[in-house]
Structure formats: C-alpha cells, structure tokens
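Take a look at the structure below.
Owing to the predicted nature of the structure, the values given are computational and were not obtained by experimental measurement. Order of the sequence lines fixes the chain letters, A, B, ..., with proteins taken first and strands second; residue numbering starts at 1 for each chain.
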Amino acid sequence: MQLNLDSKIPAGPLETKWQRHKASMKLVSPANKRKYSVIVVGSGLAGASAAASLGELGYRVKCFCFQDSPRRAHSIAAQGGINAAKNYQNDGDSVYRLFYDTVKGGDFRAREANVYRLAELSVNIIDQCVAQGVPFAREYGGLLSNRSFGGAQVSRTFYAKGQTGQQLLLGAYAALNRQIHNKTVEMYSSTEMLDLIMDNGRCVGIVTRNLRTGELSSHLADAVILATGGYSNVFYLSTNAKGCNVTSIWRAHKHGAGMANPCFTQIHPTSIPVSGEHQSKLTLMSESLRNDGRVWVPKKERDTRAPQDIPESERDYYLERRYPSFGNLSPRDIASRAAKERCDAGYGVGPMGLGVYLDFKDSIDRYGRSTIEARYGNLFDMYANITGENPYETPMRIYPAPHYTMGGLWVDYNLMTTIPGLFAAGEANFSDHGANRLGASALMQGLADGYFVIPYTIGNYLATQKPLTSGTDHPAVREAEDRVSKRIAGFLAMNGRKPVDHYHRVLGRIMWDACGMSRTEAGLKDALRRIPELKEEFLSNSYVGGTGKELNQELEKAGRVSDFFEFAELMCLDALNRNESCGGHFREEYQTEDGEALRNDNDYCYAAVWSPKHDGSGHDLTKEPLAFENIQLSTRSYK
Amino acid sequence: MSLIVNFYSSTIGKKVAMALSGLVLVLFVVGHMAGNLKIFAGINPASGDYKIDDYGRFLRTMGAEMLGESGVLWLVRVVLLACLVVHAVSGILLARANRAAKPEGYKVKSYRSANAASLTMIYGGLFLLFFVVFHILHFTTGTLHWSFVEGEVYANVWQSFRNFLTAAFYVVAMALLALHLYHGTWSMFQTLGVDTPRWNKGLRTLAKVVAVTIFVGFSAVPVSIAFGVLPAPIQTAKSK
Amino acid sequence: MDLTLFVWRQKNADTQGAFERHELNGVSEDSSFLEMLDYLNETLVSKGEAPVAFEHDCREGICGSCSMSINGRPHGPKRLTTACQLHMRTFKDGDTIYIEPFRARPFPVVKDLVTDRSAFDRIQRAGGYISVPTGSAPEANATPIEKEHADEAFDAAACIGCGACVAACPNGSAMLFTAAKVAHLGLLPQGQPERHERVISMVTQMDDENFGGCTNHGECQEACPKGISIKYITRMNRDYIKATLQRGVSLRGKMQAQ
Ligand SMILES: Cc1cc2nc3c(=O)[nH]c(=O)nc-3n(C[C@H](O)[C@H](O)[C@H](O)COP(=O)(O)OP(=O)(O)OC[C@H]3O[C@@H](n4cnc5c(N)ncnc54)[C@H](O)[C@@H]3O)c2cc1C
Ligand code: HEM
Ligand code: HEM
Ligand code: SF4
Ligand code: F3S
Ligand code: FES
C-alpha cells in the first residue's frame, strides 16, 4: 500500500517553526488529562523522559521495558557525551551551527525542520538534567565542562566521565520514579511488548508478555509511544546490549507503519575486534582515543610479526596517507571503511586478520605515560581486561562494529508514525540523523523527543480524540492476543536441535557481509536469496524448549531473531534501492575514483519509507522528498 | 515520642543505639581496667589497706554527701545496666533481622574484609552478657566465690585467680572482649557517622589499641596471680 | 580450557534448588564468563536440555543486569569487575567453579541464577529523586558546584544497581546501594531541599524490604564492581541521624505558653 506521507512541517521560517507550532497546538485541559491514557514502550532516555513528563502533565501512563528495571535500558551504556548548543566555551557555537553540523554530518538525508528543533531543544536538555542532579563533569570554578567530538569544530559535548548515558538515564529514571511514586505512571518491568492492538486502523494498545511468569496481557490506551531503541543487533555482533531488538517497530510495521531508511546503519570505527567464535558482543572503545592514537597496518600482507618488531618503514599509516588533513580524526564512516579496505586486502592484524593497530607509542613518548593514563586510563584498563593485552606496551587492536541505526519508523514532525495514535521516539524512529549520526547526538535526540517534543505533540493529537471507552473485552484485543499466542506456540513447537543463537549468528554474518560497511548489488541480491532460506531452516531446525508459562530466555530470543530475519530482508531491499553512497550507506558501485562515497542528490534526496503490501507479499516504497531550504547541499570532503 | 520510636525501629536507629550504649560500655570497661591495675600498687601506707580496696571503698562512698552511701555507684550501675540492656536487646534484634535477610550462604565461603571479629559480634556479645552476670555473682555479690569477703577486693581476686582454671577463663573472656572491641570500637564511629576517609586510619588504629590494651590490661591481673607474681593477701587494717 | 562447573538450578521461587554438575571442555580463554555460560547453554540446548537462565544485557559492565556469585563472590574473583566483564583467563585449566545466584531474602530466586531485584527500584521510588518538573529547570550554569562535591557525587552515582553489595553482605544489607543513591543527590546543591525527607523515606523503604542491617563488615565495598566506598554508608548514617534531629526541632506545628 502506498502511504500518504504528510510530514506536517509547520510553515514559516526555520527559526520560528517550533515556537509557532507550540503556540498553535491544541491542548487538553488539566481536568481532562486524567481521562486519557498513554502507553510508553521503552524506558531508555526517550521512553523514561516521555513517561515521566506525560505523567507529570496528568495523563494516565503505563511504561514498559523488558529489562528487570527501567534503569537498565540500553541508553545506560552510552559513554562519550551529549551535545548542546550552549556555547559555554565561547567558541562560536550556536543553535544554527549545531543544526548545520548535524545535517551535514548526516550527509543531507535528514529533515531540516526536525534537526533545527533538535538543536534548539538541546539547550533545555542540559538545564533539565543538571537540575535533576546529573553529575556532569565540571571545571575547578564549578561550571560545566565540555569536550570536542568528531564532526564538529566547537566544544559542545557535555559528559560525565565515560558514563554519560548512565548518568542521563539515572536522571530520567529518577524523574520516572517520582511519577511512579505519585501514581501517575504504572511501571511494568520484565515485560515485553509483542504486538499492537489495532482498531479501525488506529493503534489503541499493546499485548505484552510478562517475561518472569509468561503471562500475556493486553493494555489499552489512547496513544502508544514506541521508544524501543535501535536494531543494530540484526548483525548479531554489535556494540548494543544483547536484548536490543527490532520487535516492537517491526510489529508496528506489519500493521502498516512506514519504516524509513532501514539500511542507514552506523558502523563505529573503534571497537575491540572479534576474538573467536564464542564472541557474543562487541565492546566500543571511545572515539576520543583517536585524538592521541595513530592507526596503522603492516605494509606487508599477512605479516605475523609482533607489532613492536615491525620497523617504522614497514608500517602503513593509511588514514594519514589517504586523508592528510583529517588523518586519524576522519569521521566515523570514513575511518571504518578505510579499516575494512585494508583488512579485506589482507593487511589486517590479530588472530582473525580483522583488526588494525591503534598505537599510542608516539603520544606516550611525547606526553609521558602518566598523561595518557590520566586521559584514557579507564579505557586502557577495559581493553586490557577484555583482551589480556597491555595497551601501554602493545598497540591496541581495533575494528569497526555496528553501533547505531539511523533508520526506523517514519514519523512526522509530531513524532507520529503513519498509524494514527502510534508515536515513535528516540533511536526507534528514523530520527534526525539522516544517513550518518554525529557522536553525542543520539542522547540529545532521545531526550529532546521525550522531554520536550512528545509531551506537547501528543496533546495535540489527543485533543482531537474522544477518550477510549472500550475495555479489554473489545474484539480487537482477542484478535491480537490470539496472534501472539499462536506465534509463541509456533516457537515452542520447533523441534530441531540448534540453539536460536546459532541462526542469529549466521544471519548476522550474512548481514555484515552484504549489508554492513559496504554493499554491492550482487551481494545484496545474494543476501535476499539466502535470508528466507535460512529463516526456513531456523523455523524448522531450532529448539526452544520449556513452556511459555515461565521465564524462558530461549523463547524471548526466538521471537526477536524471527523478527530480525524478516527485518533483514527489508534492510537489504532498502540498500539495494538506494543507488548511491551516502553516510553509513556505501554502495561499492557508487564511489569516486579514489574510493570516496558518491552521493546522488538528483535521484535519492528522499527518505525511503516502506510499507507492507496489502497481500503481505512484499513491500511498497513511498518517498518523502527532502527539501533543503536553509542549507546548501555540498559534498563532504575530509582530504 | 513517635520520632524516637520511628528512629529506633529502623536498622540504622538500632545501630546508633548500640553504638551509643557501646560507647558507654567501652568507657566503663577502660575505666574498670585502669582501676583494676591498682592491684599492682600494693598497700597504701597511710590506711594500711590495699590500694585496690581503698579504691573500691572510694567508689562506694563517692558523692555520699549528696546521694548517700553507694548513691552514685547505684546511679552508675543503673546507667550501665540500661546501656547493657539496650545494647544487648538491639544486638539480638538486629542479628535476627540480619540472619533472616541471608537465609542461605554460598557453597564456597570467601570473605575479603569481614573477619573473625566482625562475623562473631553477636556470639561474642552473648558470651559477654553471660560473663557479666557470672562476673557480678563472682566478685560483687560473691555468690559464686568460695571465700568471698565483702570489701576485700585484693583477697577476693587473689583467692580466685590462684585457681588456674578461673584465671584461664578470665583470660579467654578478655580475649573475646578484645575481639568484640577490635571491631566494635571502629564500627561505633562508622555507625555514628563520624568516620571519614581521613580519620579512618586513625580510628582503625584506635580500635586496635583499645582491643590490645583491654586484653593486656585486664589479663595482667589473673595472669600475674596465677603465676605467683602477686603475693598472697596479708592481714590488712580493714580485715583486722 | 576444561572446567568442572557446579551450577545452581532452581525452577522457581517455590521449589528447592540444587547444584548441577557439568564438565565443559574447550572453553576459550578469551571468552567472557557469560560467553562461557552461552557455550554451556548451547551444548545443553543441542542435547534438548533446559539452558541455565541468567540475567545479562549490556555485557559491558554498566547496566547491572548480570548477577551471579562465582565461587562464593558476587561477580566473581576479580575486583572492580562485573561478571560480564570477567574473562576466562582469570581461571585455570581444570578449575572447579561454583556458580550461584545472588543470595539474600529480599532477592528471591526467579529461576536458576535469576533473582528478583525489584526491591532496589522501590527504594529509589521512595525518594531517590529531585523534584524538578520537566521544563522548570533554571539555567544549568546558574549554580556553580564545587568540583570536589561534584566528583564525590559522581563517584556515588557510578553505582549500577547490580545488587552485588547485598549479595556479598553477610547480613544481606542494602546499605551500600542506598547510601550511594542518597549521597549522589545529597552532595549536590540541587538535592538539598529534599535531603532529609529523602534519606528517611529511602531508609524506611530499605528496611521495609527486609534487607538486613549494616554491621560494617565491608564486604559490600569489596564486591562492588564500581568501587563504591563504605564512606557513603557513614555519610548516610550521619544524614539519617541529622534528619531525625532536624525533625525534632522542626518549627512546624503549634506551641503552648501555659
Ligand atoms: C556502546 C554505545 C555507546 C554510545 N555512546 C553514545 C554517546 O556517547 N553519545 C550519544 O549521543 N549516543 C551514544 N550511543 C547511542 C545511544 O546510546 C542510543 O542511541 C540511545 O541511548 C537510544 O535511546 P532510546 O531511548 O531510544 O532507546 P534504548 O535506550 O535502547 O531503550 C530501549 C527501551 O525499550 C525497551 N524495549 C525494547 N524493545 C521492547 C519490547 N519489545 N517490549 C518492551 N520494551 C522494549 C527496552 O527495555 C528499553 O527500555 C551509544 C550507543 C552504544 C551502543
Ligand atoms: C580480669 C578481668 C576483670 C577483673 C579482675 C575484674 C574484677 C572485678 C572486681 C574485683 C569487681 C568488684 C569490685 C568491687 O566490688 O569493688 C568487679 C566488678 C565489676 N566488674 Fe569486673 N573485672 C574484670 C573484668 C570485667 C569486665 C570485662 C567487665 C565488663 C564487661 C566487668 C564488669 C564489672 C562490673 C559490671 C562490676 C560490678 C560493678 C558494680 O556494680 O559494683 N569486669 N570486677
Ligand atoms: C551484653 C552483651 C552484648 C551483646 C549481645 C553485644 C552484641 C553486639 C552486637 C551484635 C554488635 C553489633 C556488631 C557490629 O556493630 O558490628 C555489638 C557492637 C558493639 N558492642 Fe557489643 N555486645 C554486648 C556487650 C558489649 C560490651 C560489654 C561492650 C563493651 C565493653 C560492647 C561494645 C560494643 C561496641 C562498642 C559495639 C559497636 C557498636 C556499633 O558498631 O555501632 N558490647 N555488640
Ligand atoms: S553499590 Fe556497587 S554493588 Fe551495590 S548495587 Fe551499586 S554498583 Fe552494585
Ligand atoms: S557488607 Fe554489609 S554489614 Fe555493612 S559494610 Fe557492607 S553492608
Ligand atoms: S550485563 Fe550489563 S553489567 Fe553485566
């Protein structure tokens, strides 16, 4: 089905769009707010902040997460920092500059109006978080400290050591706790959303499974917000937490919600390489390391000498060679691809040949070990802990890893998906990052969505709706519950001998090869052929065991992996459709002579929005053209 | 009132009650130990009595002008008893709650900072409760003493500790007390919220010093008597 | 490497649990402890047996999900390291390893190594926040905060809510966790208005959840993967005493002259 995409971008000049929109939105009166209920799925930065703010406004809110506590949502793991255009460093930052950097960093595939609003709200986020007690780093004078981050020429990143995500999430969690205490929010931890309840094309609730008891329940609400994070785990190995999944947004998509740009995924250049088959996830090493480390590989193919034994003249500092002006600080997508290129050509290091050196020797010689220790001590320790190697003496080995997904549910300016009553916030929506996200801006987006956008825009929607009167005896509820029970029964009936993880791993491998850092038409087509085959095998050959009426982690995985299988196909389809290279999407056919991305603004300056065909036989593509009225499209160059 | 009830009903409140009463008990024990050392001071040439006996008399008569014979002593006794009761009752209540909170231990026991002292506080405490009762029947009322003479502290003590077993029992008891205080003296500051990273080392040392001093100071008496360092009691002015 | 594992198996809170012995061969030294368990589970599943349930998510030592005691130590033998960050090279070929759930009554076993730690959430809900409605915050740099206080607050805020402190404490006490939360907010100027209320409500909730009391064993601090210091416990005791005294001299209510 073709979608009717109305982005609802308010008219008027960029700078005043949001203010004017806020002033003209419909309101729900305080007395009436109690009559409306809102479901928030997800308790990460986006979910927790939205649930807390909505509860505070007076709506009846239910919040869900699959972890045993909302504080464990994946946002907790973010390390580096959060951007805000505060210009505390007096280095010329402004809302406009943050807006510009974000649009450019995203390779001109994001919506101007949304990005501008994000930059505008970034300022309020810092105020809010500080007031909640988030212990951001401070200078001796007691004022907030900033650091610089990739893709920006100003210092606008606020941070709390290497735990920015945890500290921000604890702030949002505290706000959520206050509302739970005040009984405006009901929290459901260890509860997974498995389907939507639809009534005449409108979303009116969700079906959940209590992961501890296996009990299925239905929850009705006037609006549902999905803030369920990203889908990097489609690659099996990623820097995301093990539980991160595509289930909620994929279920929504199956009911018709448009999925935008699923192939836009970000590969982070500095992760600890895979050490063997046992590997279950990848660990990120902060990007900041590239400030003092030099990246190199041996000049000789398959050189097995220890790095110390390779003389200077036989080392290839390929980033410095290829990008003399940015060198080791080239942006994420560029640095990642360059590493892959070297490894594919046979120059990779480490046991699997999938790694490059990040060498601190020069910096240690120049600044002394203690300075380097002060800057990166905790990261070095973490590296040593995981690899058993001492990075002060041997260079670190790093390799790119899937990290963030720019794609997600299509939303309009009000963050509503193409299904009325269904909203998406945080990494789950197709967001404001276009084809590539700049460091430290995901946290910003999650909190902007949750604290400052959705609480307003949802009122605008609810004001047009009568409060829901039907109870859980509604036929749509039974229908949804039946769908879920059938699916669960199906997984439990699988009677092979292979663990679910095995298929996830194989799927991940296919996706990494075909739809990872670089993509080709042939590779994608091959993947599109292999994925359904593998899915068949998965469904007939894996084993879950146990029952649905208890804690059953294999069952949880089966549901998630099954959704990843379906989603992976769409991802490849989207990558195949986009005959250009932009941001994190690199099609080998579309590159310049010296291997740089070749964007095609004439044909692909749009968000690709996919919806299921009526007969379920595939997907339809609807395009949301992106108009750039305030920024000139240009080519990114880092030479 | 409800403020106090609420406070005491919390685990922290009970611990604070223990720490405050424990402090009084510690001070008493330290004083008592110092007093006991007068046993080594021999006879007061002025009165012709053992100095320790004089000391006992002093304790009974101090403040007599105001509160009568033994008045102050009784006051002190009441305070001590109250502290002991508060301390013991809180200790038992807490220990029960703590045990309930940890019904099952680990298969492999592995501790890093908990130690013999901290892990046995309740047992040591219960033993001390028993000891104090025994001790009062022994040296204060003489009920459990085979040759007790009211007021003749030196003689009473000497006669008892000539018996090697009695002396040994007291030494063991003092070891257990020292263990209780090795943890207790520091724990008290921790509970009252006065420990800080800067003072911590000093307080830990203080606890060690208190424990060792108490052990050595108290044990000196039974040990010296058992090994014949202190002479047998002689007829004194009082006993004549 | 080859290992002998004794893993605690328990169907649910109402049934008795017991150790189950497994010989696991060919474990990679480079794998993490949880990857070793993944491997065990894959072998179990391929034999049609039930895998060991254990909690985990980030596997980076920050979410606080992973929770198991390894040879009697919550999170295992390595200091300042969560179970998910513990690597098998810490062990030797041929080792016997006992794997148990976090043990404490307020953390009942849900299944195998999974326990219910929702009591922590309830302690936080009782008052672990600063009441600042969305949108009502003053400019972030309006109140400078002494760096020392900010750093101290951060150190307390580093707590990942894993519950190892409770699991390690011979009394099953949640003092370290609660104290870390109280200190994080209590050390910041923003946290002052609710400081006394907060400590009283959080301690009350902590006690209501049937955690044991603190007798200063210090095991919690040894087990804490984030190195939270027991100095925060002292601080909370102080705050709790102060808060009670403060209530005693509160100026609210009436007074009579005669
Ligand atoms: C290692 C790492 C480091 C990062 N560092 C940074 C950084 O420094 N700066 C930055 O800006 N960004 C960073 N990011 C990105 C950023 O952390 C995430 O994009 C962001 O936190 C996502 O927040 P969210 O609220 O959208 O989702 P999440 O935090 O992922 O939360 C998802 C929530 O949804 C729930 N959920 C999911 N599915 C279901 C379901 N089916 N049913 C019920 N509940 C469900 C989960 O329980 C969870 O509560 C980093 C990411 C990683 C992986
Ligand atoms: C070797 C160790 C000890 C010796 C030799 C000793 C000796 C004595 C003597 C001789 C008396 C009687 C004094 C008198 O009646 O004038 C006495 C009283 C007492 N002792 Fe000890 N004591 C010892 C240890 C302790 C300890 C460890 C405690 C406490 C834990 C203790 C508590 C008391 C008390 C409560 C009294 C009664 C005081 C009173 O009410 O009159 N003693 N002790
Ligand atoms: C009468 C029987 C006694 C019992 C049942 C008892 C029990 C206990 C217990 C269970 C504790 C708590 C352990 C801890 O805090 O780590 C404790 C602490 C303590 N005890 Fe005792 N004890 C007794 C007698 C004594 C005596 C006689 C003294 C002093 C001489 C004493 C001094 C202390 C001190 C100072 C503490 C530390 C208090 C704190 O940490 O707040 N106790 N006792
Ligand atoms: S204090 Fe330490 S051990 Fe306790 S919950 Fe927090 S991080 Fe875990
Ligand atoms: S181990 Fe337990 S007794 Fe106190 S110091 Fe830690 S809570
Ligand atoms: S799994 Fe997140 S801390 Fe161990």
How far apart are the closest heavy atoms of B:Tyr106 and C:Ala167, and which atoms are they? OH-O, 2.9 Å
Heavy-atom proximity to chain C below 4.5 Å, by part of B:Lys107: both
Rounded to the nearest 0.5 Å, how far does OG1 of C:Thr204 lie from CG of B:Asn6? 7.5 Å
All heavy atoms of B:Lys15 vs all of C:Thr215, minimum pair found to be NZ-CA, 3.6 Å
Main chain of C:Gly218, side chain of B:Ser113: is a donor-acceptor contact present, judged purely on distance under 3.5 Å? yes
Checking side-chain hydrogen bond (donor to acceptor under 3.5 Å, both in side chains) for the pair C:Asn237/B:Thr191: CA distance, chi angles, key distance, verdict? CA-CA 6 Å; C:Asn237 287 336; B:Thr191 303; 5.1 Å; no
Is the number of heavy atoms from other residues, nucleotides or ligands under 6.0 Å of B:Arg77 CZ greater than 12? yes
B:Ala114 to C:Glu219 - nearest heavy-atom pair and separation: N-OE2, 2.8 Å
Within-4.5 Å side-chain heavy-atom neighbours: C:Thr234 and B:Thr196: no
Between B:Val16, B:Asn98, B:Thr11, the one whose heavy-atom pairs under 4.5 Å with chain C are most numerous: B:Asn98
Is B:Gln190 reaching over with its side chain to a backbone N or O of C:Ile230, donor-acceptor style, under 3.5 angstrom? yes
Identify which part of B:Ala95 has an atom lying under 4.5 Å from any heavy atom of chain C, answering side chain, backbone, both or neither. neither
CD1-CZ distance between C:Ile241 and B:Phe7, expressed to the nearest 0.5 angstrom: 5.0 Å
Shortest non-hydrogen contact from C:Tyr240 toward B:Ile12: CD2-CG2, 3.7 Å
